[in-house]
Structures are given as structure tokens and as C-alpha cells.
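Chain identifiers are assigned alphabetically (A, B, ...) following the order of the sequence lines, protein sequences preceding nucleic acid strands; residue numbering begins at 1 within each chain. Since we're looking at a predicted model, the values are computed, not measured.
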Amino acid sequence: MMHVLAALDTSSSARGVLDTALHVGRLTGTTVVAVHVRTGAAEPVDMIEARCEEEGVALRVLSGDPGPILIKALGGPEVAAAVIGGCARPTPTVAGACRVTHAILERTNTPVVVTPQARGTRGEIHRLLLPLEGSDVSSRAVLDQLVPLITADVELEVLHVFTPDTVPAMLDQPAYSLDTLGKEFLSRHCPGADRIALRGGGVVDQVARVSVDDQVDLIVLTWSQSSSPRHAQVVRGVLEGSSMPVLLLPVQPPADSPADTAAVHSTITLVDR
Amino acid sequence: MIGATFEAIALRWEGAAVADLGVDTSDLRERLETLSAAGVHVVLVGDGPPEETNRHLSAGPQGPGTLHLCSMQGTALLDVTDVRGGKAGAAPVDTTGPTSVRPLRALGAPDRMAAFLEDRGITGTLILIIDCTAGSATGSEGAGQRGLGEVFPRAVVVSVGGAPVVPEDGVVAPRGGPEHVLSLLDEQLTRRAEHRVPQIDRDPAWTVPLPDDRDHERMAEALAALCNGSSGTRGSRGEVGPDAAPLFVVNGVYAADGHLLPGPVWTGFDCTDAVRPPSVRRLLDLRGGTLYRFGDDSGALRSLRFASVAKPRAMALRVEGPEASLEPGDSVRPPAATSTFRSERTGDRFGATTGDHHSGIAVAARDRITTTDGLRIVERLAAWTAVRTGVARLDEAYEQLTEVEAQGFDRALADHREAWARRWTDAEVTIDGDPEAELAARFAVFHLLSAASDHGESAVGARGMTGSGYAGHVFWDADVFVLPALAAIRPAAARSMLEYRIRRLPAAHAAARALGRDGARFPWESAGDGSDVTPHQVIGPDGTPVDIATGPQEEHIVADVAWAATHYASWTGDAGFLAGPGRPLLVDTARYWASRIETDGDGSGHIRGVVGPDEYHVDVADNAYTNVMARWNLRQGASLLAEDGASDEASRWLDLAASLYDGWDPATQRYEQFHGYFDLEPLLMSEVGTPPIAVDVLLGAERVSGSQLIKQADVLMAHQLVPEALEAGSLRSCLDYYEPRTAHGSSLSPAVSATLLARAGEPERALALFRLAARLDLDNTTGATADGLHLATMGGVWQALAFGFLGLAADEETLVIRPTLPDAWHALTLSFRYVGQPVRVRAEADHVTVTCASPLPVDVDGQGASRCPSGTTSFERAGLRHANECA
């Protein structure tokens, strides 16, 4: 039976991870199973057990090195998605994401929801924000991973931030032209979306701004699982700055995929369908 | 058999039609008469005089297809068709009085037959040549022997005689002699009787291949929109899928929300998914005005569709395909996203309406379905009616449908093709040496000719009737981009565009009054009732509403409308227009400017708080384009008033015009785009990127508005429209200054720069921008072609050819011609109408050829006005490019 796997540690963020996992479970129409990796025989797990029992969630307690163990657990065929904390075990050497989270994100092929530090989702997940750069790779990930994953009735808003590569050649009357560009973008990359926001500026900034302005509950990013600056700039920036959970869909980028956007500061126009 | 339907047959008499001159011709005669009744034109080409052929054949065809007789070498061309019924003698065809100005050739009879067919839109592969040897058909029999293949280029050639010594490409050689001729004719009769899908002349110089992938489906729909000035049908596939946006609209019929009302869709049919044809190829036939679909495999659907320009309420399609995969389904279907669709079925007729009491469109259609040997053929005839106010009546649509049914598909198609052939006679574009530019230019002209009706009023929206983009709303795109082209290639359509403005004068008067001003203030964006429908706000970068300035401030459109009226009158020679119905367009607009101008204490006149063509800078003072046009408007208006004796008001207008600040800076010999422009950040496009770029998105509106970067030609637009109203010699300095600052972030811009660069003697730079403009929709440069074609760009393309590369201008009644051609263009030929007569101008490096129907004063290359007699006159050129400046 498919389930959402919640990776719980003993930090204060565990509560948020479990709450988020429950909402993701309802989003995906699956149950939730929690897992904790004990790093030492003496490590207390009673608080985790109590929380899981309170929510009626099954708990598996494993022992060993959390990174490899969780990666293996996430890889199970019955795992629809995983939820992990943004900072399960903070280290001073990696800002934002911790070592374990980092390792999981780089290696698992399972969609992973990363919760903000010390916080979970605000509540039920009704509105999703999907930033798309307009590549076939990302569009395919939405079609192949996101669409089958979500069974609940949600609103899907796409965000496209123009880059020097994608800025329109011409905009005659923006009120009309942007509407057309938005419709065309959705038709090509995400036909099932409810609306699109077209913006200019830094991608990370705009993701943060739109997610707050439009009160989204979950940000969905496609990610190439490479921590190189070229591929991970947007993901890292969103994870570090987001006040809401982020669902990462792993994809394999083509060799010539565009770099994440540099700071592009410009006018922004929101187009609502 | 050949497997194609032909519109004309050229049949060699001796050796093909008859083995010898003594044979019985009754079987042949019967078939020729039946072909004539089916609408097929036939010409019998003999070795001897056509009278001898006529005596031998003694045919009495009744039409509508004609039967002509001639000899290969002679000049006599006999038409033996008797459309009045009864047998009449053969009538010589008199071709001494051309109604067009195609080059008068020393034409032999076969060539005159080719011209006859071309006048009916029958060319190339629509013609079947049946000859006795392939060599005689293609002219390869020997030196000096001209074959039918040369007379009818690209025709399908069948040789029923002996095999050629050398096999000829493109020649079918089944032999069989006269017996096989009868079989070939029988095949044509059978295909006609079975209502098979006609073909088109797949001339690559006249056909536009459409993108076939689903990602570009909506773009293809716009490219292939079939419009006839009154209605528009997007080129959607019949088997509409999720990527499609089919649309049928009627010119000027807006819904209550101010958007063009979507009408019932008449082009749909059903395909069985299980056997969905894998290959789809479609061609837009520019010459014939049809959309043709075919495929390479046996399961492919074939279809041909048209919206008649001969009978604007009529539409038709035929589609054929495997019985297992093709179902007609409902012949009229609801448009997307409408709640007002109502339909009914009566026997084999289907009717539907959209709209409500505000406005409505009714479409009636009937399908005829036949199945033969597993092949299903659907023929659909349709007709529409519409009301701009009130409820559309389906019974009127049925009445129209009855008329179409009486005519029949084949006759309707023949009339439609002939009507398009007539249109192209006055709109020829030929660019020798650059087939890509030529086809793109023809594509632009095709859609320009389709955009407006010859009658009544025409609201030509920014995207015409090719899509829902811009809601069908009318901008200055119509007045200064589209109208100048139509005034030359379709004057009646230009007149109907002006009628739209004339009928909206009451709203323009009301708008002026509402602002406490006089005269007529036309809105920036206009729809059904002439009120301003410009959106008021758009959501800004921080999610809050931002006021749109164009509605309240982009007032140059007031003068643009006046300019359009004047240009139409001077170009067409319609002397009564400005004295009559067009007068308010000039006088009332001038009156508006007179009340708009603020006079400062020093007596200088100013127009503050405006937006010029460059919309990156809003709320500016003394935009040069606006002020120059306002001044021109005042002077033109004053001239009319003075003629009527209203000298006081005229005098005041002239004083105001003289006082109006226009930004002219004598020190730099250029016009300042608006007050304070020269003090802005001196940013050039070379520091930002290669145009075209929407730099307001790239850099931000605030940064751009504080810089000298401009969206499109602004000062230069004045040079385009009223060069005589500007300082002499200022074009060069303004081009040098403003072009490097132009982002071309508007689709209207590149063609304007192309025109001016050509005029300024820089044809190579002009050509680069011309190509960008000409291919704008074909290449989907803006990313927005899916929502409709950029008609203003198309108008600009034609203007670049005419007023840029050919250097045409009207100087009183003299036609000024000052060509400047890029190296890649060996010759440029345009045909058009000027002061009421057809004119054809062909420019080459060393001479200019002018063909006109009646004497015409022309000035070629500044050599002075000379009277060009009727016919064709060649003018030698100096052989140098001219740095022509009209200002």
C-alpha cells in the first residue's frame, strides 16, 4: 500500500514534519508512515512514539547512519513521497539544509517535501505554486510525477519568471500580450493549471513573493539533484527562504539546460487566468 | 489513372483527341459537353485553324466551364461555349482590352488561354495537359517548338502517344491514344460526380506550409485563418483536439463584454481515434484563398476549405478519408467558453446561433455524405448571418444556405478562386531573387486583403478576425498601418475602414465633451460603439493595480484618424470624400486639437500629459510625434474650413499650429522625442542586447522610463507619415540618433524602420528589419501568434515595399517612384491602384518599368514629372542608389 514516509528526528522540527506529512497524505490519498533512525542505543524515542501514537501514524525505528538508511527507506516502491525537515541535524558547514537532508535530496528518486525549519505547513494543502522555466524536462516532470501524485482537488498556479533567455521579443499592449503568453505557456507546459503568474526579476525573490502574496500552501520545484551552482541555485535559495513546505521532483536535466536565473530586475506583471 | 481533379484541360487535337481528321467525334463531344456542365474549362489545341477543329467537333457546351479552340502557332482563340442555351457560332475571344495591367505580351492563342485561366485562378497543377508526345507537351521536340508545358507551367502532363525518346520528368506516359483520352476525361467526370476533394496548385511561391506539431497547433490556426473581410474562420483541424482554439467571428459583431462574439464553429468533424491518420500536412493556398490538407499515407484525410470572397456569407469544405476513420458529426458546433449556443436540426440541415439580445451570429449548414469503396466523402456547405445589435435569426442563415446550395460547391469554389485572382491583380508582389521574402510578403498581403470588407463599415482589430487576441479591438494599427496598404491594393476596403470611424464620430464627440474639449476625440482602443475600451489597470509587480496610461493619454490617434482619411483621399483620388463624409474626420479632429493645446505666456503651444508611440515613457510633455501630427491636422483642417469660408476659425487654427512646439533642435538637427528626453540616461540597445527585446520586462519599467531606450519608432513615425511637415534633411539625423535607441519591443516597429532606412538609402539595413517584420507571424517571433496575426505588421510590410524599397509617394496626382533595392533583390514588382487606375511598377537596378491603364504623371528617380502613356513605359535609371529623403 502506497504511503508517505515522514522522516522524524528528535529536534523541534519533527512536529512540523509529521503535520506536513499528514497533509501530504491527504493530498496524495495515501497513509503516512513515520521513520526514525536512532544514531545510538541510548537515544530516547519516547517523544516521537508519543506523537505518532497521538496521530495514529505507524512508526518504524531503525538504527545506524541516518543518511544511507533514509535514502534506502525512501527508495521503497510503496513510498509515494517523503517528508523531511529542512534541518534535521544542523551543521555549521552547510547553510540552510543539513548534511542528511542534503544527501537525501541528491540521491533519492522519490518526490521529497522539505519543511521549513521549525515549522510545518500552515494547514491543509489547497494551493500549489509551480515555478517553471519552460523546459521540456520540467514539463515532463510535472506530467510524469506531480499529476499522478495528487489526488485531492487543489489549485495549481504556475509561476514563470522571465530570464534573459525567455524575455519576450515584443509586447505590444502588455495587458493583452501577457495574457496570450501566459495561455501559451500553460498550454505547452502545464495544461491543467488554474492560472499563471508571469514575472520578471530574480527567480528566488519572485517565488518567495508570489508564494506569500497568493497564500500558497506548497511550492513545487523540479530539481536536477545536482548541487552544482548552475543547477541548484534556485532550489537552494527557495529552501533557505521559504516559509512553507517545498516539494522537490527529481529530474534528469539535459546537458544544455539553462542556468538558473541571475538577478533580473524588471517590471513584473501578474496574469491571472 | 491520375487520381486528381483538374479545373482545366489542355488537349492536343491531332494525335491525342483524334487519331485522324476523319474519325467520329461523338464520344469526345459528349464528354466535353459534360465537362463543361461540370465547370471544367477545356482548350483544344490543334495544328490547323480552330475553325477546322470546330467543324470536325461540332460541340455545343452550355457552360459554366468553357470550351476554347485554338492552334499552337496562331492567334485565333475561339470560345464555342454557349451559356445562353441553343447552338451558336463560335465567338472569337477579344483580349484587346485588359482590365488589369499585367504585361501585355505579344500573345499567341495558347498564351491568351493561359491568361484566361489565370484570371480565374486556375494555374499550375490545376491544369491537365493531354498531348500525343511528351516532347511536344514540354517543348522538347526541337528548337523553336514551344510546348503546352511552357504555356501552362507546372501543369500535369499526360502523353497518350508514343513514348518520348528521353523520359520527361513530371510526364505521365500511359500511351493509349484517343481511347485513353476518353478514359482520362471519364476519370474527371467520375471525380466530379463523386464530389471528390479538389486540389490546389501547390506552387511553393504561393503556398505556406503550416506547422504540424501539437505545440504549434494554435499558431497554425491563426496562420491559416480564412477571412473574407466579413467573417473569419481559424484554420483549425476538423478533428479538434485539446490544443485547438477554433473560432468563427463576424467583423464588428461584439458581445456585451466588448469582445468579438464567437460564432458557431462550422469546420468540425470527427475522427475515430483508433485509426487516426498519422500524418497531416496542410497548406495555405494564398493564390486561391483555400486551406488544403493532405497526407502521404493511404489513411490520410484530404480536405479543402474556403470562406468565399465572391459571396461573403458562404463557406464550404470537402473532406475525404477512410470510412472507418471519418465521421462528419455535428456540422455546426459550439465555440469554446460560451453559454449562448443554441442549435437545431431539420432533416439534413443543422443550424445554430450564439449571442443574445445584444448581438448574435447564426450559422446554417448541411452535409452531404457519400461512401464509395471504403472512401467516405463529406461535403459541407454553410452560410451565416449576424447582427451587431439584436438577436441573430437562423431563418436568414437558412435562406443564405439555400442560395449556396443552389450554386453548389464546385461553382462556389470557382467563383471564389476567380475573385481571388482579381484581388491579386491589384496586389501583385514579386521579389526576384528572394523567394523567402516574396512568400512572406504575399502572406502579409493575403491577410491584409482578407481583413476588411468592400462594403459598409469594417472594424479592423489588431489581430483582425484571425484570433481572439486583443478582443477584436481597433487601435491606430488600423488607421496608419493597415489602411495605407488597402488604399492601394483594395481601395473599397480602405473606405469601409474609414466608414467605421465616421460612424463612431458621435462617441468621439461625446468623449471630447466629457473632457471639456471641442471636436472629436477618438479613443485609443475602440470596439462596437466607439467608446474607449482600453483596460484601466493591470496588476503591477507588487501585485497591486497599476493604471494604464494609454487610454487617457495616447491621443495621437486623433490625428492618426485624420491622416488616414487624407491619405485615402489623396491616394485613391476620391475627390468627394473629404468634402463629404470624410470631412468631419479632418475638421472635427482639428477642432479637438485646437481645444487641447495649452498656450503659455510666451505664446508657445504645448500638449502635455501624453503618451507617444513609444509607450515606455508616459505622461510626457510635447511628444514630437503627437505635436507634429496635431499641427499637421490643424493645418489640414484649416484648409478645409477656409474653402468653406470659415476664415476666422481657420486663421486661429493656423496660428495655433504655428505656435505648437515640436521639439526641433537646430543645434543637433533632430527632434527631441519629448521635453526632457535628451536629459535621460543615454542608454543604447547595443549595451543591452540585440533587438527586438521587450526591455521593459528585461530591465524593469522604472529603469527604462528613466532612459533613452524607446519601444518603437516615435519621432521616426512622423517621418513615415508626414515627411513634408518636418525639417528638410532631418530624416538622416533622426535615424542615426533614434534607431540605436529603439528596442523594437513592439510588432509595429521593425517595418517602419525598414521603410525609412530604405528611403534614406540604406537598403541592406532595411532588408534585415523587413525580414523580421515579414516573418513575424510565420516565425512566431512574439510568441503570441496563436491568438491572432499581427495585421499592423503586415500593413507595415507592404508599406516598406511600396514606400520604402520602391520609394512610392503621391505628389498631387504625380506618382513619385524612387527605388532603393538591396543587392539580393534583382527586381521588385508591385501592382496596386492609384488615383482610380491600376498601376504596375517594376524596379530593377538599371531601369524602372511602369504599366498603367491610362496616362499617368510619374516622377522616376527625381528626373521630373513626365506623362506615362497607357501601356508599359521603361525609364532608364542612373544606376546609383539614391539617398532619398522626403523630409
**Message:** Please classify the contact between T550(B) and chain A as side chain, backbone, both or neither, with a heavy-atom cut-off of under 4.5 Å.
**Reply:** side chain
**Request:** Could you tell me the separation between the OG1 atom of T163(A) and the CG atom of L698(B), rounded to the nearest 0.5 Å?
**Result:** 9.0 Å
**Nearest heavy-atom neighbours spanning I548(B) and A175(A)** = CD1-CB, 4.2 Å
**Prompt:** Are Q173(A) and E615(B) close enough that a side-chain donor and a side-chain acceptor fall under 3.5 Å?
**Reply:** yes
**Prompt:** D172(A) side chain to S746(B) main-chain N or O, any donor-acceptor pair under 3.5 Å?
**Reply:** no
**Message:** Measuring from atom CZ of R188(A) to atom CZ of R214(B), what distance do you get when rounded to the nearest 0.5 angstrom?
**Reply:** 13.5 Å
**Request:** Using atom types as modelled and distance alone, determine if a side-chain donor or acceptor of K711(B) lies under 3.5 Å from a backbone N or O of L171(A).
**Result:** yes
**Asked** Any side-chain heavy atom of V697(B) within less than 4.5 Å of one from P168(A)?
**Response** yes
**Asked** Do Y470(B) and T180(A) get their side chains close enough for a donor-acceptor pair, meaning under 3.5 Å?
**Response** no
**Prompt:** Highest number of heavy-atom pairs under 4.5 Å with chain A: which of E525(B), M219(B), H790(B), E217(B)?
**Reply:** E525(B)
**Message:** Taking atom CG as the centre, does D257(B) end up with more than 12 heavy-atom neighbours from other residues, nucleotides or ligands that are less than 6.0 angstrom away?
**Reply:** yes
**Message:** Quick check for you: to the nearest 0.5 Å, what is the distance between I693(B) atom CD1 and M170(A) atom CE?
**Reply:** 10.5 Å
**Request:** Answer yes or no: does atom CZ of R140(A) have more than 12 heavy-atom neighbours from other residues, nucleotides or ligands under 6.0 Å?
**Result:** no
**Request:** Quick one: do D787(B) and E184(A) satisfy side chain to side chain contact (heavy atoms under 4.5 Å, CB included)? Show the steps, please.
**Result:** CA-CA 9 Å; D787(B) 258 4; E184(A) 283 302 292; 5.5 Å; no
**Fill in**
Greatest number of non-hydrogen atom pairs under 4.5 angstrom with chain A, of G469(B), P535(B), S747(B), falls to S747(B)
